[in-house]
Student: 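Supplied in C-alpha cells, the structure appears directly below.
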Amino acid sequence: MMMEVLAHWILRCLVFLILCFFILVPSTSAEDFLSIACCAESSYTDKSLVWVPDDQWFKDKKTCRNLNPGNERARIFDIKSGKICYNLPTIKDQDYLIRGSFPAGETKGTKLDSVFNVSIGVTPLALVNSLEDFVVEGIFRAVDSYTDFCLVQGKGDPYISSIELRHLNDSEYLNDKPFSILKLVNRSDLGGIGDTRFPEDKYDRIWKPASSLYSRTNSPVTFHNNASTKVPLKVLETAVTDSNRLEFLQNDLNSGDYNYTVILYFLELNDTVTRTGQRVFNIYINNERKEENFDILASGSNYREVVFNVTAKGSMNLTLVKVSNGSEFGPICNAFEIFQVRQRDQRQTDNNDVMLMKNVKQELLMSNQGNTLLGTWTGDPCLLEPWQGLTCNSFNGTSIITDLDLSSSGFQGLIPTSITRLTHLKTLNLSNNDFSGQIPIFSPSSNLTSVDISNNELQGSLPESLISLPDLKILYYGCNQLNNDLPSSLNSSKLSTDYGACRRKSRGPIKGIVIVAAATGSALVTIAIGAVIVCLYRQKLMARRKYDAKRLYKAKREAAKRKVLDWPTRLSIALGAARGK
Ligand SMILES: *[C@@H]1O[C@H](CO)[C@@H](O)[C@H](O)[C@H]1NC(C)=O
Ligand SMILES: *[C@@H]1O[C@H](CO)[C@@H](O)[C@H](O)[C@H]1NC(C)=O
Ligand SMILES: *[C@@H]1O[C@H](CO)[C@@H](O)[C@H](O)[C@H]1NC(C)=O
Ligand SMILES: *[C@@H]1O[C@H](CO)[C@@H](O)[C@H](O)[C@H]1NC(C)=O
Ligand SMILES: *[C@@H]1O[C@H](CO)[C@@H](O)[C@H](O)[C@H]1NC(C)=O
Ligand SMILES: *[C@@H]1O[C@H](CO)[C@@H](O)[C@H](O)[C@H]1NC(C)=O
Ligand SMILES: *[C@@H]1O[C@H](CO)[C@@H](O)[C@H](O)[C@H]1NC(C)=O
Ligand SMILES: *[C@@H]1O[C@H](CO)[C@@H](O)[C@H](O)[C@H]1NC(C)=O
Ligand SMILES: *[C@@H]1O[C@H](CO)[C@@H](O)[C@H](O)[C@H]1NC(C)=O
Ligand SMILES: *[C@@H]1O[C@H](CO)[C@@H](O)[C@H](O)[C@H]1NC(C)=O
Ligand SMILES: *[C@@H]1O[C@H](CO)[C@@H](O)[C@H](O)[C@H]1NC(C)=O
Ligand SMILES: *[C@@H]1O[C@H](CO)[C@@H](O)[C@H](O)[C@H]1NC(C)=O
C-alpha cells in the first residue's frame, strides 16, 4: 500500500517535471521556421519544409476533421466561449511572419458555419468567415519569448488547418513602426508565372503571379552597382510594362479608414535603358501623386524600392504614368506588396493575475489531465475573451480577475493554492467538484466576498484564515468530509453560511462530465458507467456513514477515476502489477 502511494507521488512529480519541460522548452529555443499541420498524424517534409503535427498544443484527436471537397485536415474547436491559442516560441524583439490557413468546406455532410477573429496576442488580425477559404498573414515584432496565435470565439466553432511561423531575420518591414502589425493584403509578382516561396524566398513569403493586363517582360537578373535586395531574384526577373500607364486596383479593402503600407519593387530589365531620363514616370495612389519624375536609374543602380504610407477606405488605386515630357519608355513594375497597418492592442491583464492563473492551471492539470475546460485555458486569461469560468474587470487601465467559477466542472485533486493569492478575486465558486485534501490558507489581504466550496471531498478543518477574511459575506462549505471542530469565530461572524449542512439532493448533471462526454464521444460509455458507480456508492455510503465503508467507497471511487484519463494512477497500477509478478 505504502509503496503504491509512494509510486503514485513519484509519478505525479514526474508528470509535473515533464509538463514544466514542455512549457519551458518552446520559449527558450526557437527555430527560424515553424510549420504546423493541424491534426497531422506525424511530421513530414513537403517542398523542403518540415511540417509538425499540433499535438504538442492540442492532443485531442476528436476535434480533427477532414473538410470536403478539398479533403483538407482541420482542427475544429468545440468551445462555448473564450478563445483557443497556439502558444508559439518566438525571440523577444525579433520580427516574424505568421500565416494561418482556414479552408472552407463541409464535414460529414454539414457545412462549416463560423465567423471568428484571428489575433496575434491580443491584437485582432482578421475576421475569418467559413463561406470561403481564408489565408491570413501578419508581420509582427515579438514582445515576449512566446507569441499567442488565437482564434476568438464568434459565431460557430473556430477551426484551422495550418500555421506557418517564419523568423524575419534582418527584415525592414517594421523598422519605422515597431508597434504595428502588418496584415497582408496583396503580394504580387508582376509578370510572374507560378508562386514563388521558400527556398527562393528566404523568408518563405508567397509571391503570387499577377497582372495579365500588361505586357510581360523578363530577363536574367543583373544588378548594377552592387544593389542588393531581399526580394527573390525569381520575382524580380519578371515585370509588367506599358507604353503609357500601369494601373492596379485593389477593391476589397475594409470599408473603414485604415492606414496601409505600399511597397513597390523596381528592377530595370531592358538593356537599352541605360541612362537616367529614358524611363520616367509618376506614381499615384488614390489620385494623390506620391512620386514625381520617378526614375529607377536615378539612384545610381538599376534597382529601387519605394515605400508609401496611405490612408484608404474600401479601395486602392495604384497608377504609374509615363511623364509627358520626353520619357522614351513607359512605366515598369516588378512586384508590390500592400499591407494594412494595425496598431498593436496595448491593453493588458495584470501581470500578477496572469502569472497566478497560469499557476492555477498547472496545479489543476496535475490531477485533471484531459479536462476539457482546462484545454481551453490558452492565451491571455482576460483578453480578448476571458477564459471559461473567469470574469475580468477593468481596474486602473488593466484587466483584473474578479470572479472564478469552476463549479460543476469535474475537477479532482487539491484546491490550487495559487487561487488564494489572486488579490483581485471577489467571488470563488468551486462547488460540485471532487476537490479533496485540506482547504488552503487564504491571505488576509484577499478581497473575497463570496466563497462556495460545498459538495466536494475536502478534509481537515475549516481554516480560520477563510472565516476571518475581512470582506467575506458568503461562505458555503457543506457536503464535504470536513471534521466538526469549527473555529469559534464562525458563530459570531456575520457570514451568510450553510454551517456545513449538506442539503444535497442530487448532484445533478456534472458539467465536466457532460463536456468531457461531448468531446470524447466514444469514451462516453466508460465515463457514464464510472459516474453511475460513483453515484451508487455515494448514496450507499451516505446511508451507512461508517469509517470502513468510507474507505471502501474511496477505493471504488479511485477505481472509477482510473478509468478517466488519470494516467499517473494508471501507471502506478501497472507498476504495482509488475511488482506483484
Ligand atoms: C472581431 O474583432 C473586431 C475588432 O475587435 C470586433 O469589432 C468584432 O466584433 C469581432 N467579431 C467577432 C465575430 O468576434
Ligand atoms: C540573423 O542572421 C545573421 C546572419 O545573417 C546571424 O548572424 C544571426 O545570428 C541571426 N539572428 C538570429 C536571431 O537568428
Ligand atoms: C510611414 O509612417 C511611419 C509611422 O507610422 C513613419 O515612421 C514613416 O517615416 C512613414 N514612412 C514614409 C515613407 O512616409
Ligand atoms: C561592387 O563590388 C565590387 C567587389 O565586390 C567592388 O570592387 C566595386 O567597387 C563595387 N562597386 C561599387 C559601385 O560599389
Ligand atoms: C493583387 O493585385 C493584382 C494586381 O492588381 C491582382 O491581379 C490580384 O487579384 C490581387 N490579389 C488579391 C489577392 O487581391
Ligand atoms: C494613420 O496614421 C496616422 C499617422 O501615423 C495616424 O495619426 C492615424 O491615426 C492613423 N489612422 C488609422 C485609421 O489608424
Ligand atoms: C527593350 O525595349 C525595346 C524597345 O522598346 C523592346 O523592343 C525590347 O523588347 C525590350 N526588351 C525587354 C527585355 O523588354
Ligand atoms: C486611378 O487613378 C488614376 C490616376 O489618379 C486615374 O487616372 C484613374 O481614373 C483611376 N482609376 C480608377 C478606376 O479610379
Ligand atoms: C521634364 O521632366 C524633367 C524631369 O525629368 C523636368 O526637370 C523638366 O522640367 C521637365 N520639362 C518640362 C518642359 O516640363
Ligand atoms: C494605477 O496605475 C498607475 C500607473 O500604472 C500607478 O502608478 C498607480 O499606483 C495605480 N493605482 C492603483 C490604485 O493601483
Ligand atoms: C456556485 O455555483 C453553483 C452552480 O454550479 C450555484 O448553484 C451556486 O449558487 C453558486 N454559489 C454561489 C455562492 O453563488
Ligand atoms: C483589495 O483590498 C485592499 C485592501 O485589503 C484594497 O486596498 C484594494 O484596493 C482592493 N482591491 C480591489 C481590486 O478591490
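For the numbers below, each heavy atom of this structure counts, side chains included, while hydrogens, waters and symmetry mates do not. In listed order, ligands and their atoms are each counted from 1. For reference, positions follow the sequence shown, starting with 1. Note that this is a predicted model, so its numbers are computed, not measured.
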Student: Report the residues that fulfil ring-ring contact (aromatic ring centres under 6.0 Å, His included) with F294, sequence neighbours left out, ordered by chain and then residue number.
Tutor: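 For F294, the residues satisfying ring-ring contact (aromatic ring centres under 6.0 Å, His included) (neighbours in sequence not counted) are F266, F281.
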Student: In terms of residue, atom name and distance, what is the protein heavy atom nearest to atom 5 (O) of ligand 2?
Tutor: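 I find the closest protein heavy atom is D170 OD2, 4.0 Å.
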Student: Run the numbers for me: atoms of ligand 7, each under 4.0 Å from some heavy atom of T217, listed by number.
Tutor: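 The atoms of ligand 7 under 4.0 Å from a heavy atom of T217 are 12 (C), 13 (C), 14 (O).
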Student: Any protein heavy atom sitting closer than 4.0 Å to atom 14 (O) of ligand 2?
Tutor: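 Yes, at least one protein heavy atom sits under 4.0 Å from atom 14 (O) of ligand 2.
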Student: Tell me, which protein residue and heavy-atom name are nearest atom 7 (O) of ligand 8, and how many Å apart are they?
Tutor: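 It is R245 NH2, 3.5 Å.
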Student: List ligand 7 atoms under 4.0 Å from T272, heavy atoms only on the residue side.
Tutor: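 Numbered from 1, ligand 7 contributes 1 (C), 2 (O).
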Student: Do K92 and D144 sit within salt-bridge range, that is, some charged N less than 4.0 Å from a carboxylate O?
Tutor: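 Result for this pair is no, no salt bridge flagged.
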Student: H167 heavy atoms, cut-off 4.0 Å: which ligand 2 atoms fall inside?
Tutor: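 Counting atoms of ligand 2 from 1, those under 4.0 Å from H167 are 12 (C), 13 (C), 14 (O).
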Student: In the protein, what heavy atom is nearest to atom 6 (C) of ligand 2, and what distance, to one decimal place, separates them?
Tutor: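 The protein heavy atom lying closest is N169 ND2, 4.0 Å.
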Student: Note the single closest protein heavy atom to atom 4 (C) of ligand 8, along with its residue, its atom name and the distance in Å.
Tutor: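 Nearest protein contact, heavy atoms only, for atom 4 (C) of ligand 8 is N287 OD1, 3.6 Å.
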Student: Would C392 and C382 count as a disulfide pair, i.e. SG atoms separated by less than 2.5 Å?
Tutor: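 Yes, the SG atoms sit under 2.5 Å apart.
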Student: Do protein heavy atoms approach atom 11 (N) of ligand 7 to less than 4.0 Å?
Tutor: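 Yes, there is a protein heavy atom closer to it than 4.0 Å.
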Student: Report, in ascending order of atom number, the atoms of ligand 8 lying under 4.0 Å from any heavy atom of N317.
Tutor: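 With N317 as reference, the close atoms of ligand 8 come out as 1 (C), 2 (O), 3 (C), 8 (C), 10 (C), 11 (N), 12 (C), 14 (O).
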Student: Given side chains that start at C-beta, do those of D195 and P209 come closer than 4.5 Å, heavy atoms only?
Tutor: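 SC-SC contact between D195 and P209 confirmed.
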Student: Where is the nearest protein heavy atom to atom 2 (O) of ligand 7: which residue, which atom, and how far?
Tutor: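 Protein heavy atom with the smallest distance to atom 2 (O) of ligand 7: N270 ND2, 2.1 Å.
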Student: Looking at D345 and R347, is there a salt bridge between them, counting it only when a charged N and a carboxylate O are closer than 4.0 Å?
Tutor: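 Salt bridge between R347 and D345, a charged N being under 4.0 Å from a carboxylate O: yes.
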Student: Which residue in the set T147, D54, D148 passes side chain to side chain donor-acceptor pair (under 3.5 Å) when paired with Y86?
Tutor: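 Per the side chain to side chain donor-acceptor pair (under 3.5 Å) rule, the option paired with Y86 is D54, out of T147, D54, D148.
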Student: Quick test of your reading of the model: are E137 and R99 salt-bridged, counting only N-O distances below 4.0 Å?
Tutor: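 A salt bridge is present here (some side-chain N lies under 4.0 Å from a carboxylate O).
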Student: Can a donor-acceptor pair be found, under 3.5 Å and without considering hydrogens, that links the side chain of K83 to the backbone of L383?
Tutor: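 Between the backbone of L383 and the side chain of K83 there is a qualifying donor-acceptor contact (under 3.5 Å).
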